[in-house]
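Positions are given from 1 along the sequence. None of the values given here were measured: they were computed from a predicted structure. Computation of the quantities below employed the complete heavy-atom set of this structure, encompassing side-chain atoms and omitting hydrogens, waters and symmetry-equivalent molecules.
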Amino acid sequence: MKSIKKTLEQIACDNIVTVRMRGGTLEARYNDEEDFLDISVGELETALRKAYEAGRAAAKK
C-alpha cells in the first residue's frame with residue numbers, strides 16, 4: 001500500500017501545476033520562493049477533493 005505522503009504528492013503533482021513544475025515533491029526547501037506556491041482555487045479544490053476521496057477509499061479497506 002502506498003504511504004500517505006506518496007499518495008498526497010501524487011495528487012498534488014497531478015492537479016497542481018506549480019507542484020509539477022518543482023519536480024512533484026512536497027518536501028520543504030526552506031526557501032520562501034520555493035515553498036510558498038501560487039495555485040488556483042480550482043486546482044486546490046480538485047486536489048482536496050481527490051485527497052478526501054483517497055482517504056474514504058483507504059478507510060473502506
Side-chain angles (χ1 to χ4, degrees):
M1 179 164 60
K2 279 172 116 177
S3 72
I4 293 170
K5 184 172 181 137
K6 286 293 178 192
T7 300
L8 292 177
E9 282 183 342
Q10 187 64 52
I11 290 168
C13 189
D14 289 348
N15 297 284
I16 303 171
V17 173
T18 51
V19 172
R20 205 168 30 251
M21 289 171 49
R22 75 187 302 251
T25 181
L26 296 176
E27 292 294 324
R29 296 185 179 168
Y30 304 102
N31 177 325
D32 286 353
E33 290 181 13
E34 295 183 30
D35 286 341
F36 292 90
L37 307 176
D38 289 326
I39 66 171
S40 74
V41 172
E43 289 175 323
L44 177 60
E45 181 182 12
T46 300
L48 289 171
R49 185 173 24 82
K50 299 275 182 159
Y52 175 78
E53 291 168 359
R56 284 186 55 142
K60 290 181 180 179
K61 292 182 181 182

Looking only at atom types and distance, does a side-chain atom of Arg22 sit under 3.5 Å from a main-chain N or O of Thr25, one as donor and one as acceptor? yes
Hey, is Lys6 close enough to Glu9 for a salt bridge, meaning N to O under 4.0 Å? yes
Verify the cluster assignment for Ile39 and Val19: are they in a single hydrophobic cluster under the rule of side-chain heavy atoms below 4.5 Å apart? yes
When rounded to the nearest 0.5 angstrom, what distance separates CG in Leu37 from CG in Leu44? 11.5 Å
Are Glu27 and Lys5 close enough for a salt bridge, meaning some N to O gap below 4.0 Å? yes
Shared hydrophobic cluster, Leu26 / Val17 (ILVMFWY, side-chain heavy atoms < 4.5 Å): no
Shortest non-hydrogen contact between Ala47 and Ile11, atoms and distance: O-CG2, 3.5 Å
Applying side-chain contact (heavy atoms from CB on, under 4.5 Å), run through Glu43 and Thr46 and close with a yes or a no. CA-CA 5 Å; Glu43 289 175 323; Thr46 300; 5.9 Å; no
Any donor-acceptor pair under 3.5 Å linking the side chain of Asp35 with the backbone of Arg29? yes
Heavy atoms from other residues, nucleotides or ligands near CG of Asn31 exceed 12 (cutoff 6.0 Å): yes
Are more than 12 heavy atoms, taken from residues, nucleotides or ligands other than Ile4, located less than 6.0 Å from that residue's CD1 atom? no
Got more than 12 heavy atoms from elsewhere within 6.0 Å of CD, Glu45? no
Shortest non-hydrogen pair, Cys13 vs Gly24, comes out as SG-CA, 3.8 Å
